[in-house]
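Values reported hereafter were calculated over all heavy atoms of this structure, with side chains retained and with hydrogens, waters and symmetry mates removed.
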Amino acid sequence: MDQSFYFLPNSPTNRRLDRFSILNDDQEGEDGPVPFWALLQHVLQPNIESSGQLIEVLDTVSNILRDSSGSAGEYGTLKSMVDGHGPAFFVDVWPKIVYCSLQLQECFPEGRIPVLQPGTKLQWTRLQVASLVANQFLCSLDCPAGRDGYFDFSIWYASEQRHPYSAQMYLKAVFEYFRQLQVPFPDEAASNPAKVVYSMHDYHETSPPSPEPERVPLQPISVQMLESYDTRLQEHSHQEPDGAVVISANKDIGFGNSPEACPAVLVTPTLQATETVTIEGAAPMLCITGQRRNVQWEVLPRERRIGGRMLFMDALEIDELDGSEALPDIQPGHLEREIRKAYTAFSSWASGDESTVYTGVWGCGAFNGDPGVKMTILWIAASMAGRRLTVVCDDSHGGFPMQFRGLVDRVPSSWTVRELRTLLESLAPDTQRSETVKELSRLLE
């Protein structure tokens with residue numbers, strides 16, 4: 001199978017055994033399998049009016065594709081969410097899922113989509129995106145090459161969830177996405193239809209031109225404090241002109257608050273050391289505040305459902321290193337890798353002089369990066385790319401925001417990228433985590 005393409009349910013090569021004798025015998029090939037697309041069309045024909053009937057449809061699709069119910073198991077979380085939505089789900093959500101899923105043939109008549117490669121982009125209309133999201137809901141897609149699951153919405157369906165509230169939240173976003181769609185879509189044949197753009201970038205294609213780092217001035221940086229984490233910065237109106245927000249630190253990108261961003265997992269291979277992904281125009285559906293067990297959400301009003309620019313750049317997984325160094329963040333190869341990664345992401349679009357990148361404390365959660373080192377790295381990379389940087393913190397970050405503000409204030413305004421990097425490289429390898437900002441401040445005295 002050609003791995004430069006991802007093959008869809010309507011691909012002529014996608015054939016499955018007709019385990020439930022759904023189609024006529026004359027559609028069978030010589031070896032027995034029939035076109036999966038014909039099976040899916042037939043399975044989606046009956047009128048569905050209850051969560052039990054919905055689960056029967058999904059279970060049938062999964063058994064045809066995988067000979068089992070797959071990772072969804074007994075669909076307990078999905079059932080409770082559908083039942084909680086009430087009869088309206090089968091009036092204003094489910095019919096649109098069916099409609100959009102069956103538009104796949106019109107949207108992608110060849111039955112395949114290109115896998116992203118460095119320097120390429122995919123620009124899809126809203127209808128094309130919706131057709132893919134609908135099939136992610138139906139779990140009618142094959143697992144992309146190189147991924148270990150997490151490519152359709154079945155991960156949220158079972159009763160047993162590591163974070164049940166998060167699964168409910170993401171399902172709510174999907175329900176709202178389809179509920180608010182206009183079906184049939186407005187004229188997609190217009191000269192300039194709205195699009196969602198997915199692009200992949202490589203450092204070797206965006207490597208810094210002259211002037212050299214010694215002559216690149218540091219761009220402005222600020223620290224913004226929030227009471228708790230929220231997703232407002234994913235909205236276009238909060239990013240300022242030509243801005244962006246860092247979304248992810250994972251090398252295998254995942255799902256989030258914007259269903260229109262979810263198809264990216266189908267076409268994005270595992271990010272390599274110099275690669276990043278940018279998604280533009282994917283509309284968020286919820287405003288999410290808090291984290292883990294304290295997460296809450298509210299449905300965004302229509303005027304705020306405009307997608308901004310999201311940057312996916314994986315951080316070094318320091319938690320997986322051997323621990324031989326007290327501060328592995330500043331090892332030469334690691335430092336260079338992170339600067340190049342962030343610069344690639346921050347250089348992935350053209351903009352004016354007032355472009356700001358917003359970021360959380362990137363790579364410092366599960367991956368165990370040091371906040372002082374990582375945020376200084378992002379300041380260097382943003383300056384190389386000509387971007388302003390805003391580091392967004394909340395109460396969970398303790399005293400770090402105030403400490404880092406103090407460090408920023410001590411850095412001379414005349415400094416260049418080279419001087420800030422030299423300061424960072426001056427940290428002793430045995431500097432302890434959580435002491436890096438204090439040590440950098442001391443070195444400035």
Side-chain angles (χ1 to χ4, degrees), residues 2-6 113-123 144-147 197-219 242-253 264-280 309-318 320-321 328-351 355 357 359 362-363 367 369 373-389 416-418 420-422 424-425:
D2 186 352
Q3 294 191 5
S4 62
F5 291 93
Y6 176 73
I113 48 181
V115 172
L116 282 172
Q117 302 293 332
T120 66
K121 68 173 58 176
L122 299 172
Q123 300 185 70
R147 282 194 77 95
V197 181
Y198 314 79
S199 57
M200 191 171 187
H201 308 273
D202 187 277
Y203 175 79
H204 300 295
E205 297 180 358
T206 59
S207 55
S210 295
E212 295 300 319
E214 290 84 355
R215 302 166 65 183
V216 176
L218 291 178
Q219 292 293 315
D242 294 326
V245 59
V246 176
I247 292 292
S248 172
N250 296 298
K251 62 184 177 183
D252 289 302
I253 70 171
V265 305
L266 305 175
V267 293
T268 304
T270 298
L271 295 176
Q272 301 304 305
T274 58
E275 296 173 349
T276 66
V277 165
T278 300
I279 300 178
E280 301 179 49
R309 181 178 290 107
M310 298 185 286
L311 307 179
F312 296 78
M313 54 189 221
D314 58 300
L316 190 68
E317 297 179 10
I318 291 175
E320 295 185 354
L321 301 181
D329 306 68
I330 61 169
Q331 292 181 20
H334 296 170
L335 193 62
E336 184 66 22
R337 188 258 190 206
E338 301 293 75
I339 291 174
R340 289 184 174 190
K341 175 71 67 168
Y343 173 80
T344 302
F346 298 166
S347 302
S348 64
W349 74 100
S351 69
S355 178
V357 174
T359 181
W362 172 75
F367 293 161
V373 174
K374 281 292 194 287
M375 296 306 101
T376 305
I377 284 172
L378 295 191
W379 189 7
I380 291 171
S383 297
M384 290 167 61
R387 314 290 189 195
R388 298 170 180 263
L389 185 70
T416 65
V417 164
R418 171 57 66 194
L420 183 59
R421 177 164 179 167
T422 299
L424 193 56
E425 291 171 341

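- To the nearest 0.5 Å, the span separating CH2 on Trp379 from CE on Met384 amounts to 15.0 Å.
- Judged by distance alone, with hydrogens and angles left aside, the side-chain atoms of Lys251 form no donor-acceptor pair with the main-chain N or O of Gln272 at under 3.5 Å.
- Listed by chain and residue number, Leu335, Val373, Thr376, Ile377, Ile380, Leu427, Leu440 satisfy the side-chain contact (heavy atoms from CB on, under 4.5 Å) test with Leu424 (two or more places apart in sequence, or in another chain).
- Between the CD1 atom in Ile279 and the OG atom in Ser199 there is a gap of 8.5 Å [rounded to 0.5 Å].
- Scored by the side chain to side chain donor-acceptor pair (under 3.5 Å) test, Thr278 finds Ser348 as partners (sequence neighbours excluded).
- Heavy atoms only, all atoms of each residue included: Ala273 and Lys341 are closest at O-CE, 3.3 Å.
- For Ala342, the side-chain contact (heavy atoms from CB on, under 4.5 Å) test picks out Met313, Phe346, Leu378, Ala381, with sequence neighbours left out.
- Side-chain atoms of Val216 and Thr416, non-hydrogen and from C-beta on, never get closer than 4.5 Å to each other.
- Residues that satisfy the side chain to side chain donor-acceptor pair (under 3.5 Å) test with Lys374, not counting sequence neighbours, are Asp329, Glu338.
- Counting heavy atoms from C-beta outward, Val115 and Ser4 have side chains that stay 4.5 Å or more apart.
- When each of Leu218, Val246, Thr359 is tested with Leu389 by the rule side-chain contact (heavy atoms from CB on, under 4.5 Å), just one qualifies, namely Thr359.
- For the atom pair CD (Glu280) and CD (Gln123), the distance works out to 9.0 Å, reported to the nearest 0.5 Å.
- You'll find the side chain of Pro114 reaches within 4.5 Å of the side chain of Leu122, heavy atoms only.
- Panel note: side chain Ser355, backbone Asp242; a donor-acceptor pair is recorded below 3.5 Å.
- Across all their heavy atoms, Thr270 and Gly146 have their closest contact at OG1-O, 4.2 Å.
- Between the side chain of Arg309 and the main chain of Gly243, a donor-acceptor pair closer than 3.5 Å is present.
- Arg421 is linked by a salt bridge (charged side-chain N to carboxylate O under 4.0 Å, His left out) to Glu336, Glu425, counting only residues two or more places apart in sequence or in another chain.
- Residues Ala264 and Ile253 approach most closely at CB-CD1, 3.7 Å, considering heavy atoms.
- Under the side-chain contact (heavy atoms from CB on, under 4.5 Å) criterion, Val245 pairs with Leu233, Gln234, Gln239, Ile247, Met310, Tyr358, not counting sequence neighbours.
- In this structure, CD in Gln117 is found 6.5 Å from CE in Met200, a value given to the nearest 0.5 Å.
- When the side chain to side chain donor-acceptor pair (under 3.5 Å) test is applied to Thr268, no partner is found at least two apart in sequence or on another chain.
- With sequence neighbours left out, Ala249 forms a side-chain contact (heavy atoms from CB on, under 4.5 Å) with Ala315, Trp362, Phe367.
- In this structure, the side chains of Thr276 and Leu271 stay at 4.5 Å or more apart for every pair of heavy atoms.
- Under the side chain to side chain donor-acceptor pair (under 3.5 Å) criterion, Thr274 pairs with Asp202, not counting sequence neighbours.
- One finds the CG atom of Leu420 at 8.5 Å from the OG1 atom of Thr422 (value rounded to the nearest 0.5 Å).
- Residues forming a salt bridge (charged side-chain N to carboxylate O under 4.0 Å, His left out) with Glu205 (at least two apart in sequence, or on another chain): none.
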(request) Apply the test side chain to side chain contact (heavy atoms under 4.5 Å, CB included) to residues Arg388 and Val357: give CA-CA distance (whole Å), side-chain angles for both, the deciding distance (0.1 Å), then the verdict. (result) CA-CA 6 Å; Arg388 298 170 180 263; Val357 174; over 6 Å; no

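- With sequence neighbours left out, Phe312 forms a ring pair (Phe, Tyr, Trp, His ring centres under 6.0 Å) with no residue at all.
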